[in-house]
> 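Quick one: the structure is below, and I'll ask about it shortly.
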4 protein chains.
Amino acid sequence: MSGVSTAADRAAERAEQRRADIVHAAFKVFTQRGYHATGIADIAGELGIGHGTFYRYFENKRDILVHVLADAAQRLLSVIDFDEPGDTDSLAEYRAQTERICHRLFTLFAESPELVRLLFVEGLAADPELTELTLGTHRAIAEGTALYLRNGVHKGFLPADLDVEVTAHALVGVIISCGLSLLTAADPVAERDRWIRAGTRVMFDGIAH
Amino acid sequence: MSGVSTAADRAAERAEQRRADIVHAAFKVFTQRGYHATGIADIAGELGIGHGTFYRYFENKRDILVHVLADAAQRLLSVIDFDEPGDTDSLAEYRAQTERICHRLFTLFAESPELVRLLFVEGLAADPELTELTLGTHRAIAEGTALYLRNGVHKGFLPADLDVEVTAHALVGVIISCGLSLLTAADPVAERDRWIRAGTRVMFDGIAH
Amino acid sequence: MSGVSTAADRAAERAEQRRADIVHAAFKVFTQRGYHATGIADIAGELGIGHGTFYRYFENKRDILVHVLADAAQRLLSVIDFDEPGDTDSLAEYRAQTERICHRLFTLFAESPELVRLLFVEGLAADPELTELTLGTHRAIAEGTALYLRNGVHKGFLPADLDVEVTAHALVGVIISCGLSLLTAADPVAERDRWIRAGTRVMFDGIAH
Amino acid sequence: MSGVSTAADRAAERAEQRRADIVHAAFKVFTQRGYHATGIADIAGELGIGHGTFYRYFENKRDILVHVLADAAQRLLSVIDFDEPGDTDSLAEYRAQTERICHRLFTLFAESPELVRLLFVEGLAADPELTELTLGTHRAIAEGTALYLRNGVHKGFLPADLDVEVTAHALVGVIISCGLSLLTAADPVAERDRWIRAGTRVMFDGIAH
DNA sequence: AATGAATGAGCCTTCATTCAT
DNA sequence: AATGAATGAAGGCTCATTCAT
């Protein structure tokens, strides 16, 4: 029983590995040349496999982009979700938590601008349908952010009349802008720190304080 | 004096009109189908002209996109530049001014989501070079925003240690997010008003107040 | 009577001049860029006239080439026909005449390689039909050459069993080769003189003497 | 040893065969319709293959012409190079050799006028660069011819002051003219024999003897 | 399972020609 | 008579996708 199933398992495992490899290669070339300028042959070439093989693992060019985007979104969301919304009970705690999250997030941006390029640039315009999907990812980030805000409102350290949804979306806008800025920054790490500071400040204090 | 020059003038005028028509038609189809899915034939078809005619007015497909983007950027910037940074002398005045600007800007977003789609979606990913150009437009908006902030710092109603550049960029992020949100909003006008309120609030007071 | 007809005459004259101008301009650009790479706009541009005007004087692109070729052939033939076949009565006289003709012909080649390019290069391959027309020109040159040979046979200073037609054609081959050689010659004049000497020699003496 | 390599070998062999087929088909349609009037679709259609397949084997339209020309030049040169310049030690032997060469060459012309059309017509005028390449082929034939002449000069049965280079080129002119003549000859074989006789005669004896 | 040869839809672009002014 | 704006046929070329091996 184990013999046969192991063989099948190993096959499935290898297939899964290959899928991951292809997603990884596609991520690389998509962010380098852009989705439209990339050919299936480029992805296959990156891995040194025949481009017919690609079609054994993915439906078509669009399919791989969807998977690459999902993978990238997953990576980004995991960085945010690392903290628990419910963990904070005061404004000070939340602010510290936010700084931690921003630090992780903006570090990710500084270290892999490709991820930024993919989620905030390529994914947005590949085709109308994918625009929706990518906006969905933005919305998911906003949802995640909203959880934190709602926790604050619930616990009373944020104003009860805060427009949680729109504010969360606005904060996502700040995140996007940070990502795009780091894309062309001469010194991404220094820029990252400015964004953590200035971003947190405007978020908590507004520009007036 | 009028005889000869009028004929040439009329021709030049008609040519200019044609160029504008083509930019307009391209704007429409680009935002509907996306840049890559759009053919020159689609643009020409939209106007009911032969597609050879297109090439009398624009170098190639990329050329028209550049013009469409420039036109859109111009329209957006003119909405912001309507107010003068130096006009305000107190926080209250600046806040009122910001609300006016946001109103005009978000109204533009609500009324022509195509413009949003173009500047924040299509333009970003058409090709690597155009990504830079579009990010340049974002930067231009940030520059414009920075002028207002600097006025406040200068006049003393904004903190001297405000990181004007990054903060301006962050506010552009809010603008972008607003635009993208209105893109899929069920009731764009209502949504717009929420964004004006929530956006101004977070900008001036932060989430904590 | 003279008043009206003079006006009409002048018009006809001007039209004729313009036709000649166009032929001249076309000759220039055809030999520079080649027939296929040349557009009607190039011809018109060379003259500074609108390209619609071109079609008032020539049917189409092919038509102008035919005229350019005819003009060139005319120029070439006139150089040969300058001498009279019947003028010579001895081999020595004919040889001297041949040297004169070759001198004029090869000087023409050295001075206007464009003519060579047109008659022996462009004209040959513009299209299958024009190949025939150009080969007809070659045949006309051969006819002209044959007249001289026949004069010699008739007068008895050339062998009676000379295959006049084929020999004349072979001599045209020498002329063509000379033209093509001068096309890429570093020093066309020096090369021309070598061709006059070597050409006349092989023609009259063969390589053996 | 045979197993794996045979599969790859067969693939390479088939690819080579395909290339040859395409060259052959292109040769055919180029000579029929002319280079410029021929589309890639015509070449592919001739073989019953998709026109995308063409581009797996050749870079572009110009590339195939270069290969077709090279192939044709090779065929022509091989007919000449069949004899060895050094084989002859007397004028009589050289004349006999020349007659053999002319026989083979002109027979080739009579049998495949397409080859003539390609090397002396199409190849000349496809584009300026190819004109040079084709003139290079003519030069190569002249070089080959010059070897024979030099042998004669060296062995003393040809005059020491023979202008070998120009004379060789002149003889190539005769060859070209023969080719072009056979192109439109009613009875190519009969015409061929006239050219062998008259050509050899003028070459060795000149017209005077 | 892997490959890559074959395919053809599709698109950008050019340019000869027409015709209203 | 002169012009040049408009046109669309035509063609080169790419590349996602299929399928026989």
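Chain letters run A, B, ... following the sequence lines, proteins first and then strands; every chain starts at 1.
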> Which pairs count as salt bridge (Lys or Arg N to Asp or Glu O under 4.0 Å) when at least one residue sits in residues 35-45 of chain D, sequence neighbours excluded?
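Salt bridge (Lys or Arg N to Asp or Glu O under 4.0 Å) check on residues 35-45 of chain D returns D:R33-D:D42.
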
> What's the CG-C1' distance between A:D42 and F:dT14, to the nearest Å?
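For the pair A:D42 CG and F:dT14 C1', the rounded distance is 12 Å.
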
> Is there a residue in residues 58-68 of chain C whose heavy atoms reach under 4.0 Å of DNA chain E, and which residues are they?
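When residues 58-68 of chain C is checked for heavy atoms under 4.0 Å from DNA chain E, the hits, listed by number, are C:N60, C:K61.
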
> What's the separation between atom CZ in A:F30 and atom CG in A:L118, rounded to the nearest 0.5 Å?
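If I round to the nearest 0.5 Å, the distance is 8.5 Å.
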
> Just jot down the side-chain hydrogen bond (donor to acceptor under 3.5 Å, both in side chains) partners of D:Q17, sequence neighbours excluded, or say none.
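side-chain hydrogen bond (donor to acceptor under 3.5 Å, both in side chains) list for D:Q17, sorted by chain: D:D21.
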
> Tell me which nucleotide among E:dA2, F:dA2, F:dC13 gets nearest to the side chain of D:H51.
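Nearest nucleotide to the side chain: F:dC13.
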
> For DNA chain E, what residues of residues 13-40 of chain C have any heavy atom nearer than 4.0 Å?
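Of all residues in residues 13-40 of chain C, the ones placing a heavy atom under 4.0 Å from DNA chain E are C:T38, C:G39, C:I40.
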
> Would you tell me if any nitrogen or oxygen in the side chain of C:Y55 comes within less than 4.0 Å of OP1 or OP2 on F:dG4?
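Result: no.
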
> Mind listing the side-chain donor-acceptor pairs of residues 121-128 of chain A below 3.5 Å, one per line with the distance, residues two or more places apart or on another chain?
residue, atom, partner, partner atom, Å
A:E122, OE1, A:Y35, N, 3.0
A:D127, OD1, A:E129, N, 2.8
A:D127, OD1, A:L130, N, 3.2
A:D127, OD2, A:R62, NE, 2.8

> Would you mind reading off the distance between D:F54 atom CZ and F:dG12 atom C1', rounded to a whole angstrom?
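Nearest whole value for this atom pair: 10 Å.
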
> Just the rounded figure in Å: distance from C1' of E:dA16 to CG of C:D127.
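Taking atom C1' of E:dA16 as the reference, CG of C:D127 is at 15 Å.
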
> Hey, could you give me each pair passing side-chain hydrogen bond (donor to acceptor under 3.5 Å, both in side chains) that has a residue in residues 44-56 of chain A? Not counting sequence neighbours.
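For residues 44-56 of chain A, and leaving out neighbouring residues, the side-chain hydrogen bond (donor to acceptor under 3.5 Å, both in side chains) pairs sorted by first residue read A:K28-A:E46.
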
> Which dot-bracket string fits DNA chain E when only Watson-Crick or G-U wobble pairs with both atom distances under 3.5 Å count, crossing pairs get [ ], and | stands for a partner on a different strand?
.||||||||||||||||||||

> For A:D71, give me all partners under side-chain hydrogen bond (donor to acceptor under 3.5 Å, both in side chains), at least two apart in sequence or on another chain.
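Result, side-chain hydrogen bond (donor to acceptor under 3.5 Å, both in side chains) vs A:D71: none returned.
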
> Could you list the residues that satisfy side-chain hydrogen bond (donor to acceptor under 3.5 Å, both in side chains) with B:R19, not counting sequence neighbours?
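B:H67.
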
> Only counting residues at least two apart or in another chain, list the ones meeting ring-ring contact (aromatic ring centres under 6.0 Å, His included) with C:F54.
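Counting only residues at least two positions away or on another chain, C:F54 forms a ring-ring contact (aromatic ring centres under 6.0 Å, His included) with C:F58.
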
> Between D:G52 and B:I49, name the one whose nearest nucleotide on DNA chain F is closer to the 5' end.
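That would be B:I49.
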
> Is D:Y57 touching bases, backbone alone, or none of the nucleic acid, heavy atoms closer than 4.0 Å?
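It contacts sugar-phosphate atoms only.
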
> Send over the distance from D:L47 CG to E:dT7 P, rounded to a whole Å.
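Those two atoms, CG and P, are 10 Å apart.
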
> For C:E132, enumerate each residue passing the salt bridge (Lys or Arg N to Asp or Glu O under 4.0 Å) test, keeping only those at least two apart in sequence or located in another chain.
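Per chain and number, C:E132 pairs via salt bridge (Lys or Arg N to Asp or Glu O under 4.0 Å) with D:R117.
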
> Using the side chain to side chain contact (heavy atoms under 4.5 Å, CB included) criterion, which residues pair with B:E13? Sequence neighbours excluded.
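None.
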
> Can you confirm whether more than 12 heavy atoms, excluding those of B:R14, are under 6.0 Å from its CZ atom?
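Counting other residues, nucleotides and ligands, CZ of B:R14 stays at 12 neighbours or fewer.
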
